[in-house]
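The structure appears below as structure tokens.
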Protein chains: 4
Amino acid sequence: MKEKKSKRDLILETAYRLFMEKGFWDTKIIDISDAAGIGKGTVYEYFDSKDTIILELFKTKVADPYKDLSLLIDKEISCETKIKEYIEFEVFNTTKFGSNKNMLADILIKSDIFHNQVLVDEIHKLIAYKLKIMHSIIKEGIEKGEFLDVDPLLTATCIMGAVNSFISFNYNTIGPSCFINIEKSEVWDLGELYKILFSGLKK
Amino acid sequence: MKEKKSKRDLILETAYRLFMEKGFWDTKIIDISDAAGIGKGTVYEYFDSKDTIILELFKTKVADPYKDLSLLIDKEISCETKIKEYIEFEVFNTTKFGSNKNMLADILIKSDIFHNQVLVDEIHKLIAYKLKIMHSIIKEGIEKGEFLDVDPLLTATCIMGAVNSFISFNYNTIGPSCFINIEKSEVWDLGELYKILFSGLKK
Amino acid sequence: MKEKKSKRDLILETAYRLFMEKGFWDTKIIDISDAAGIGKGTVYEYFDSKDTIILELFKTKVADPYKDLSLLIDKEISCETKIKEYIEFEVFNTTKFGSNKNMLADILIKSDIFHNQVLVDEIHKLIAYKLKIMHSIIKEGIEKGEFLDVDPLLTATCIMGAVNSFISFNYNTIGPSCFINIEKSEVWDLGELYKILFSGLKK
Amino acid sequence: MKEKKSKRDLILETAYRLFMEKGFWDTKIIDISDAAGIGKGTVYEYFDSKDTIILELFKTKVADPYKDLSLLIDKEISCETKIKEYIEFEVFNTTKFGSNKNMLADILIKSDIFHNQVLVDEIHKLIAYKLKIMHSIIKEGIEKGEFLDVDPLLTATCIMGAVNSFISFNYNTIGPSCFINIEKSEVWDLGELYKILFSGLKK
DNA sequence: TATGAATGAGAGTTCATTCAT
DNA sequence: TATGAATGAACTCTCATTCAT
């Protein structure tokens, strides 16, 4: 495993680009070496396997930038500002790769899932359908004076994200592996979720 | 393509079970036929391909149940209640397959992503890390009297979900394919996001 | 793993033939399937791997025939006859595959050793050289009346084989794995070897 | 092809050591250069190929020491002594590389044969089985007073070696390449083999 | 209708060898 | 003289799909 920067980086960048474009499974080693203008064997001079490449990309492109995020906790600013800074950081971090690029999400969502565009289209159709309903409800609520004057689509998007996340963590899809060192009451109450969505965080 | 209900359903149910257990890519056609107690060729009597099976499963198990969700819009109830009903439906819908089962999420998250446990562990580690920070901030905010008395972990989870969703839709990762028939102002303002998170929806 | 006799046997026989002709390492799976007139994948329908094929061949062609050899021990015949029968069995067993064929020895000695005909020639040259010397000594011994009137070349061959075997077992090349349940005095004395070679077994 | 002694010898000695330890096929060129502390390319400055190395090793380590063995023929000693000296030389020669080391045999028997420990175990099992039978017969013969009082295991080992050798040469496995300049009667008689085994060489 | 034997394109990976420096 | 980065032919094994029965 050589460490010479340029060639290793060339492979990494090429792999990254192809993974983003075609997905991990649709990108073959030969695709990477061809696109990089090098021999297939050269890829293996720098990486043990295809798995090592995606792992390295994840670590450097995705995970590493978060390293100092925890410094945020001890900053002398209000918690509201902390959350705002967190979000700004997250937005910067996941969009810095270029317009419309969120590496992890992209690779996951791209062709990789099922090599099946028809299915991907169906999934998007469902999301669109749900979004439209939620959007319509919020719009109505605003018009009727029931809700604050927020952007209805943005809000629909956020609520859907919050709910999906709530479900995934609450009903263990993602697994308790993500709750390291944090105590979680057995099953969360929907009432708590509503509280946040309707009243927000601030006192 | 035959339509005799029983055998077709047997294949579908077996495939569904195996996809949930081992993921889509790790489930081979032979696994399905073996588990169903039928011949490998028989699978192809009822389905054109493996892709057709997952597509059918998605349609019937995931998408179809949402068919009447739009009726919610015209119900004679407050918008707050509509959203609550929406959420309750979503929770029911994604957890009805058994404890801790959310079909789509499960299949995506299972072995399928990269066949690479090391990478999956890294991803979980990052999620856990971010969650811990957010959790810590919210807890502090509550203690200091800055935030309402919410469940900090649940709230952290929801905010992360909302933010991820905001980013995905705002910066086009998922693609505009999900905004069919909805007008979206070019790029959403972070201020709008903060408004919802801190003040909530309700007036 | 199907068990239908004919195709499985076809693969086995074809592999056997090619292993004998070209050696194990020089025989590729595609060679076997081509020679058998079947598809490459078919080989894997019947055998898990190339290793499984050679193992199966060893078991059925080489090891199995020895199964009843131990019955010899309890036969009501003289020990001299027992040894003669043992040898006759061994000769039959290792030559039954056709003229000039001793499966295991052939595969080992063929191209497999080093893929290197020049080296194989050198090895043969050395054997020939040693054989010639031994042959010459024995011939002289017979002519001078020192030795019995035996076939000098045959005798030279046997002595070389006995000595090689003695060395291999005595100095552990083969490893003690072959002395299961038999007690071996630490290192054998050359005197014992001479006793057998010069005086023979019989009283 | 340079001839500078020291580096060439370093490569040779390193290759020799690794071939003995891991076998020819398991030893890669990079292993040799690494172990020798030189560059991979340097190996090719001194040797045309991996094959050239093993050939050179065979010649210098194995074959060359036999160069003067033929002088034995003309020594003024009895033929019995000649054979004894031959054997002593052979024992010395094949064991001089260190305890339990017989270069050629070692390399052949090591990992090289089939990279398949299961098969190697099976082969050893068969050898052990045959050895046990022969051992048992000889022991019985001695106890009954039919045979001389020899070491039964050593004798079994030698007889097996002699018989294998007899078969290999008699039925052409090794090929007539080893009978250069020696006349061989078409097929040897088993009677001749028995004569030597039971009566020995000496008059 | 049901089968499962047969298929072969295609993947990741290895490593002896080359050659520009 | 010495290097090691670069190479690519070659290999084993996988598995969705076909099709004769």
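Here is how names work: the chains are called A, B, and so on, in the same order as the sequence lines, proteins then strands, and each is numbered from 1.
- With sequence neighbours left out, B/Lys61 forms a side chain to side chain donor-acceptor pair (under 3.5 Å) with B/Glu13.
- Listed by chain and number, the residues in a side-chain contact (heavy atoms from CB on, under 4.5 Å) with B/Asp121 are B/Gln117 (sequence neighbours excluded).
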Expected string for nucleotides 12-17 of chain F under the B/S/- scheme (protein heavy atoms, under 4.0 Å, primed atoms plus P, OP1, OP2 as sugar-phosphate) is SBBSSB

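- One interatomic measurement links the two molecules: CD1 of D/Ile11 to C1' of F/dT1, which rounds to 12 Å at whole-angstrom precision.
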Which dot-bracket string describes DNA chain E (Watson-Crick N1-N3 plus N6-O4 or O6-N4, or G-U N1-O2 and O6-N3, all under 3.5 Å; [ ] crossing; | other strand)? .||||||||||||||||||||

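- Under the side-chain contact (heavy atoms from CB on, under 4.5 Å) criterion, B/Ser33 pairs with B/Ile30, B/Ile38, B/Lys40, B/Val43, sequence neighbours left out.
- Distance, A/Ile32 CD1 to F/dG8 C1': 17 Å, rounded to whole Å.
- In this structure, the CG atom of C/Asp34 is 12 Å from the P atom of F/dC11, given to the nearest Å.
- A/Asp34 pairs by the salt bridge (charged side-chain N to carboxylate O under 4.0 Å, His left out) definition with nothing, not counting sequence neighbours.
- Spacing between atom CD1 of C/Ile38 and atom C1' of F/dA20 amounts to 18 Å, rounded to whole angstrom units.
- In this structure, C/Phe24 atom CZ and F/dC11 atom P are separated by 13 Å, rounded to whole Å.
- The CZ-P distance, from B/Phe47 to F/dT18, rounds to 16 Å in whole Å.
- Checked against side chain to side chain donor-acceptor pair (under 3.5 Å), B/Asp31 has the following partners two or more places apart in sequence or in another chain: B/Lys22.
- Not counting sequence neighbours, the partners of C/Ser49 by the side chain to side chain donor-acceptor pair (under 3.5 Å) test are C/Thr52.
- Between D/Glu122 and D/Lys125 there is a salt bridge, since at least one side-chain N of the basic residue sits less than 4.0 Å from a carboxylate O of the acidic one.
- In this structure, D/Ile11 and D/Thr42 approach most closely via the heavy-atom pair CD1-O, 4.2 Å.
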